[in-house]
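Computed from a prediction, not measured in an experiment: that's the story for all the values here.
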Amino acid sequence: MSWSTFLLAEACGFTGVVAVLFCGITQAHYTYNNLSVESRSRTKQLFEVLHFLAENFIFSYMGLALFTFQKHVFSPIFIIGAFVAIFLGRAAHIYPLSFFLNLGRRHKIGWNFQHMMMFS
């Protein structure tokens, strides 16, 4: 089924990756409930292992690419500027949004928790 959606999307000139993504979501929605309890457990464990392996591969590949790129230039001003921009962007979003959320809440978001969100 996934292969046919890919082929149909490519034949129509659309991207096959998105077609396979939505086909997989639809298949998971309808197929998972038809499995036995043991099959659900094994399937969930299998996909957790695959997720772990894929994530490790991607981050290892990105880490190795950092050191194997030939024309890589470290710019301390750019790095410091990026950290300052991230810090200011977080402050500009966390504190005002927490204020607006606290207007309609019984259990307010405390300053300590807002600071923890800011620096996490």
Side-chain angles (χ1 to χ4, degrees):
M1 187 65 142
S2 299
W3 183 248
S4 65
T5 58
F6 177 79
L7 291 176
L8 181 66
E10 288 291 326
C12 294
F14 300 126
T15 176
V17 175
V18 176
V20 170
L21 173 71
F22 284 105
C23 181
I25 291 171
T26 305
Q27 284 178 337
H29 178 73
Y30 291 108
T31 306
Y32 189 74
N33 295 326
N34 293 326
L35 296 174
S36 66
V37 176
E38 185 177 346
S39 296
R40 286 182 193 175
S41 174
R42 299 288 182 207
T43 303
K44 188 172 182 179
Q45 291 172 352
L46 173 70
F47 282 107
E48 285 176 359
V49 168
L50 291 175
H51 164 257
F52 178 75
L53 292 173
E55 187 176 1
N56 281 329
F57 172 76
I58 289 170
F59 284 110
S60 299
Y61 185 75
M62 288 172 59
L64 291 174
L66 177 69
F67 298 110
T68 58
F69 187 65
Q70 297 296 325
K71 298 179 182 178
H72 191 75
V73 177
F74 284 99
S75 174
I77 294 172
F78 178 75
I79 294 170
I80 292 170
F83 275 110
V84 169
I86 291 168
F87 184 78
L88 293 175
R90 281 179 173 255
H93 284 87
I94 288 177
Y95 295 117
L97 290 176
S98 296
F99 171 76
F100 287 124
L101 285 173
N102 282 339
L103 292 177
R105 293 175 63 134
R106 234 181 305 149
H107 301 289
K108 308 286 186 200
I109 301 172
W111 282 104
N112 289 338
F113 194 74
Q114 290 179 30
H115 294 319
M116 188 271 308
M117 287 191 296
M118 172 70 186
F119 292 106
S120 65

Practice task
Count the heavy atoms of every other residue, nucleotide or ligand shown that sit under 6.0 Å from CD of Gln45, and state whether that count exceeds 12.
Solution key: yes
Problem - From OG (Ser98) to CE (Met118), nearest 0.5 Å - result: 11.0 Å
Handout entry: Leu88 atom CG, neighbour heavy-atom count above 12 within 6.0 Å
Key = yes
Handout entry: His93 (side chain) donor-acceptor with Gly89 (main chain) under 3.5 angstrom
Key = yes
Practice task
Report whether Phe113 and Leu101 are members of the same hydrophobic cluster (ILVMFWY, side-chain heavy atoms less than 4.5 Å apart, transitive linking).
Solution key: yes
Fill in the blank from the handout: OG1 (Thr15) and CG (Leu21) are apart, to the nearest 0.5 Å, by 10.0 Å
Exercise for the section: To the nearest 0.5 Å, tell me how far Leu53 CG sits from Ile58 CD1. Expected result: 11.0 Å
Handout entry: Point-to-point distance, once rounded to the nearest 0.5 Å, from CG of Leu46 to OG of Ser41
Key = 11.0 Å
Problem - Side-chain (Gln114) to main-chain (Ile109) donor-acceptor, under 3.5 angstrom - result: yes
Practice task
Over all heavy atoms of both residues, which pair between Gly16 and Ala9 is shortest? Give the atoms and the distance, please.
Solution key: CA-CB, 4.0 Å
Practice task
To the nearest 0.5 Å, tell me how far Asn102 CG sits from His107 NE2.
Solution key: 12.0 Å
Handout entry: Heavy-atom side-chain proximity of Lys44 to Arg40 below 4.5 angstrom
Key = no
Handout entry: Closest non-hydrogen atom pair, Arg90 against Met117
Key = NH1-O, 3.1 Å
Practice task
Kindly determine whether Phe47 and Leu50 satisfy side-chain contact (heavy atoms from CB on, under 4.5 Å), including the steps that lead there.
Solution key: CA-CA 5 Å; Phe47 282 107; Leu50 291 175; 4.2 Å; yes
Problem - Residue pairs passing the ring pair (Phe, Tyr, Trp, His ring centres under 6.0 Å) test where at least one lies in residues 3-23, sequence neighbours excluded - result: Trp3-Phe6
Practice task
Say whether, by atom type as modelled, one donor and one acceptor occur between the side chain of Ser39 and the main chain of Leu35 under 3.5 angstrom.
Solution key: no
Exercise for the section: Go through the steps for Ser120 and His115 under the test side-chain contact (heavy atoms from CB on, under 4.5 Å), then give the verdict. Expected result: CA-CA 8 Å; Ser120 65; His115 294 319; over 6 Å; no
Problem - Trp111 side chain reached by Tyr95 side chain, heavy atoms, under 4.5 Å - result: yes
Completion exercise
Closest non-hydrogen contact found for Ala19 with Thr5 is CB-O, 3.8 Å
